[in-house]
A.B. asks: 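What follows is a structure written as structure tokens; I'll ask about it next.
Sequence positions, counted from 1, serve as the residue numbers for this chain. Just the heavy atoms: all of them, side chains too, but no hydrogens, waters or symmetry mates, feed the values below.
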Amino acid sequence: MNKWGKFRGLVVFAGIIMLLSLAGCKSSKKVGTVESSGTKAYNEFFASMQEQEFHFNTLSARLNVDLNLPDKNMSSRVDLKMIKDSVFQLSVQPFLGIEVFRIELSIDSIKVIDRINKRFVTESYSGLKGQTPIDFNFYNLQALFTNHLFLPGQQAISPKQYNHFRLEQENGLAEVKTKDSMGLLYTFTADGEEKLLATHISEPSDKYMLQWDYQDFRLAGDQPFPMLMDIRLLENNLSKGNIRIHFSHIQTDMPLSMDFSIPAKYKRITFAQIIKAISNNSN
């Protein structure tokens with residue numbers, strides 16, 4: 001498998017999020033970035049980082065998604081609903097709050113409804129294995145959306161797994177690094193309160209990279225949450241496009257309805273066909 005093949009699976013996941021945009025309850029109190037006053041012991045650092053994570057059982061939010069590509073710029077409203085470690089749905093509403101696509105990602109599958117063309121997709125991740133030859137999974141995507149540290153391919157991180165990471169603390173910041181079985185390098189940057197500021201994923205030659213930055217931390221309830229996420233896909237350090245996700249109307253631990261009923265007359269198609277339909281809808 002060539003180097004692009006190794007990174008292709010990550011691009012598929014990034015592409016899902018990018019293509020979603022094609023088609024609050026925000027606290028006024030801003031939370032700043034804190035520099036560390038000194039280095040922490042290895043286990044103490046990771047225990048503190050997990051303690052500082054955004055905790056929730058359910059989460060709902062309104063997203064305003066701005067997509068910027070070399071040849072086009074566009075925006076869409078997306079409603080997000082998430083049940084931790086189970087499922088999350090995104091309702092893509094680019095026109096006056098009218099749903100055009102509904103996407104559901106669960107632990108083992110992805111489903112998409114294309115309401116414009118009355119079609120749908122339901123496909124297991126194992127069925128997409130040729131497109132996603134990496135450890136990256138549902139739990140890791142959930143972690144990206146909720147500002148969590150993660151181990152590639154794992155559901156959670158136990159204290160026994162802290163040794164899978166390399167920790168470097170310098171100049172008031174910390175970098176946490178790990179690799180997956182395909183050789184992709186994951187670098188997480190945290191501030192002096194072990195608050196995650198960025199996740200950087202690159203293939204071994206550094207030709208292809210995904211940068212996911214967390215900004216504009218504000219209190220959602222009594223927990224800091226990044227109300228702005230800036231996602232960039234790079235090739236040879238040149239931007240191939242970026243997505244800015246603005247969060248608002250965040251609610252946690254409220255009952256959620258996760259309906260994904262498919263009308264009887266809708267036609268089932270493949271994942272590749274639905275991606276093409278979403279892409280064409282952006283033109």
A.B. asks: Are any of the side-chain heavy atoms of L105 and I103 separated by less than 4.5 Å?
C.D. replies: yes
A.B. asks: Just verifying a value: how many Å separate M82 CE and N57 CG, rounded to the nearest 0.5 Å?
C.D. replies: 12.5 Å
A.B. asks: Please list all pairs passing the side-chain hydrogen bond (donor to acceptor under 3.5 Å, both in side chains) test where one or both residues lie in residues 258-267, with sequence neighbours left out.
C.D. replies: D259-S261
A.B. asks: Side chains of H148 and F54: closer than 4.5 Å at any heavy-atom pair?
C.D. replies: yes
A.B. asks: Please determine if R102 and E104 form a salt bridge, counting it only when a charged side-chain N lies under 4.0 Å from a carboxylate O.
C.D. replies: no
A.B. asks: Between Q211 and D213, is there a side-chain donor-acceptor contact under 3.5 Å, judged purely by atom types and distance?
C.D. replies: yes
A.B. asks: For K177, does the NZ atom sit with more than 12 other heavy atoms under 6.0 Å from it, leaving out its own atoms?
C.D. replies: yes
A.B. asks: Could you check, using the six-membered ring where one of them is a Trp, whether F225 and F217 have ring centers closer than 6.0 angstrom?
C.D. replies: no
A.B. asks: May I ask you to check whether D66 and S75 show a side-chain donor-acceptor distance below 3.5 Å?
C.D. replies: yes
A.B. asks: Does H164 offer a backbone N or O that forms a donor-acceptor pair with the side chain of Q161 under 3.5 Å?
C.D. replies: no
A.B. asks: Are Y139 and V176 linked, directly or through other ILVMFWY residues, by side chains that come within less than 4.5 angstrom of each other?
C.D. replies: yes
A.B. asks: Does this structure show an ion pair linking D79 with R77, if we count only N-O contacts that are shorter than 4.0 Å?
C.D. replies: yes
A.B. asks: Running the 4.5 Å side-chain criterion over Ile, Leu, Val, Met, Phe, Trp and Tyr, what cluster does I98 land in, apart from itself?
C.D. replies: none
A.B. asks: Between N140 and L151, which heavy-atom pair has the shortest distance, and what is it?
C.D. replies: ND2-O, 3.2 Å
A.B. asks: Can you find a pair of side-chain heavy atoms, one from I250 and one from S248, that are under 4.5 Å apart?
C.D. replies: no
A.B. asks: Could you state the interatomic distance from CD1 (I201) to OG1 (T178), rounded to the nearest 0.5 Å?
C.D. replies: 11.5 Å
A.B. asks: Hydrophobic clusters here meaning ILVMFWY residues chained together by side-chain heavy-atom distances under 4.5 Å, can you tell me if M254 and F56 are in one?
C.D. replies: no
A.B. asks: Which atom names give the shortest non-hydrogen contact between R232 and L234, and what distance separates them?
C.D. replies: O-CD1, 3.8 Å
A.B. asks: Run the side chain to side chain contact (heavy atoms under 4.5 Å, CB included) test on M229 and Q215 for me, step by step, so that the C-alpha distance in whole Å, both residues' side-chain angles and the decisive distance to 0.1 Å come before the verdict.
C.D. replies: CA-CA 6 Å; M229 299 184 184; Q215 304 169 18; over 6 Å; no
A.B. asks: If I take atom CG from residue N163 and atom CZ from residue F46, how far apart are they, to the nearest 0.5 angstrom?
C.D. replies: 9.5 Å
A.B. asks: Just by modelled atom types, is the K195 backbone N or O under 3.5 Å from a matching donor or acceptor in the D191 side chain?
C.D. replies: yes
A.B. asks: Looking only at heavy atoms, which two atoms of Q223 and H55 are closest? And how far apart?
C.D. replies: OE1-N, 2.7 Å
A.B. asks: Could K179 and Y186 be counted as a cation-pi pair, given that NZ or CZ must be under 6.0 Å from the ring centre and within 45° of the axis?
C.D. replies: no
A.B. asks: Looking at every heavy atom in both T270 and E123, which two are closest together, and how far apart are they?
C.D. replies: C-OE1, 4.3 Å
A.B. asks: Please report the interatomic distance CD(E53) to CG(L196), rounded to the nearest 0.5 Å.
C.D. replies: 8.5 Å
A.B. asks: For a quick test of reading the model, state the closest non-hydrogen atom pair linking A174 to L167 and the distance between them.
C.D. replies: CB-CD1, 4.2 Å
A.B. asks: Taking the six-membered ring for Trp and the full ring for Phe, Tyr or His, determine whether the centres of Y42 and Y162 are under 6.0 Å apart.
C.D. replies: no
A.B. asks: Please test S91 against Q93 for side-chain hydrogen bond (donor to acceptor under 3.5 Å, both in side chains), starting from the C-alpha separation and ending with a verdict.
C.D. replies: CA-CA 6 Å; S91 173; Q93 305 163 20; 2.8 Å; yes
A.B. asks: Please tell me if the side chains of H246 and M227 come closer than 4.5 Å, counting only heavy atoms from C-beta onward.
C.D. replies: no
A.B. asks: Minimum heavy-atom separation for G183 and P204, please, with both atom names.
C.D. replies: O-CG, 3.6 Å
A.B. asks: Are N242 and D230 close enough that a side-chain donor and a side-chain acceptor fall under 3.5 Å?
C.D. replies: yes
A.B. asks: Salt bridge or not between K40 and E194? Use side-chain N to carboxylate O under 4.0 Å.
C.D. replies: yes
A.B. asks: When you look at Y214 and T199, which way does the side chain to side chain contact (heavy atoms under 4.5 Å, CB included) test go after all the steps?
C.D. replies: CA-CA 8 Å; Y214 302 99; T199 299; 4.0 Å; yes
A.B. asks: Hey, are the side chains of P226 and N147 touching, using non-hydrogen atoms and a 4.5 Å cut-off?
C.D. replies: yes
A.B. asks: Heavy atoms, side chains only, cut-off 4.5 Å: are I113 and F260 in contact?
C.D. replies: yes
A.B. asks: Are R268 and R119 close enough that some pair of their side-chain heavy atoms sits under 4.5 Å apart?
C.D. replies: no
A.B. asks: Between S76 and V92, is the side chain to side chain contact (heavy atoms under 4.5 Å, CB included) condition met? List the steps.
C.D. replies: CA-CA 7 Å; S76 181; V92 184; 3.6 Å; yes
A.B. asks: Take T189 and H200 through the test side chain to side chain contact (heavy atoms under 4.5 Å, CB included) and record every step on the way to the result.
C.D. replies: CA-CA 8 Å; T189 303; H200 180 89; over 6 Å; no
A.B. asks: Between F150 and F188, is the gap from one ring center to the other below 6.0 Å?
C.D. replies: yes
A.B. asks: Is L228 linked to L80 within one hydrophobic cluster, defined over Ile, Leu, Val, Met, Phe, Trp and Tyr using a side-chain heavy-atom separation of less than 4.5 Å?
C.D. replies: no
A.B. asks: Among the clusters formed by ILVMFWY side chains lying less than 4.5 Å apart, do L185 and L149 turn up in the same one?
C.D. replies: no
A.B. asks: Working to the nearest 0.5 angstrom, can you tell me the gap between I243 CD1 and L233 CG?
C.D. replies: 8.5 Å
A.B. asks: When the aromatic ring centroids of F88 and F138 are compared, is their separation below 6.0 Å?
C.D. replies: yes
A.B. asks: Under 4.5 Å between side-chain heavy atoms, counting indirect links through other Ile/Leu/Val/Met/Phe/Trp/Tyr residues: same cluster for V87 and F145 or not?
C.D. replies: no
A.B. asks: Mind checking the CG-OG spacing from L256 to S60? Nearest 0.5 Å is all I need.
C.D. replies: 5.5 Å
A.B. asks: Is there a side-chain contact between L59 and D253 (heavy atoms, below 4.5 Å)?
C.D. replies: no
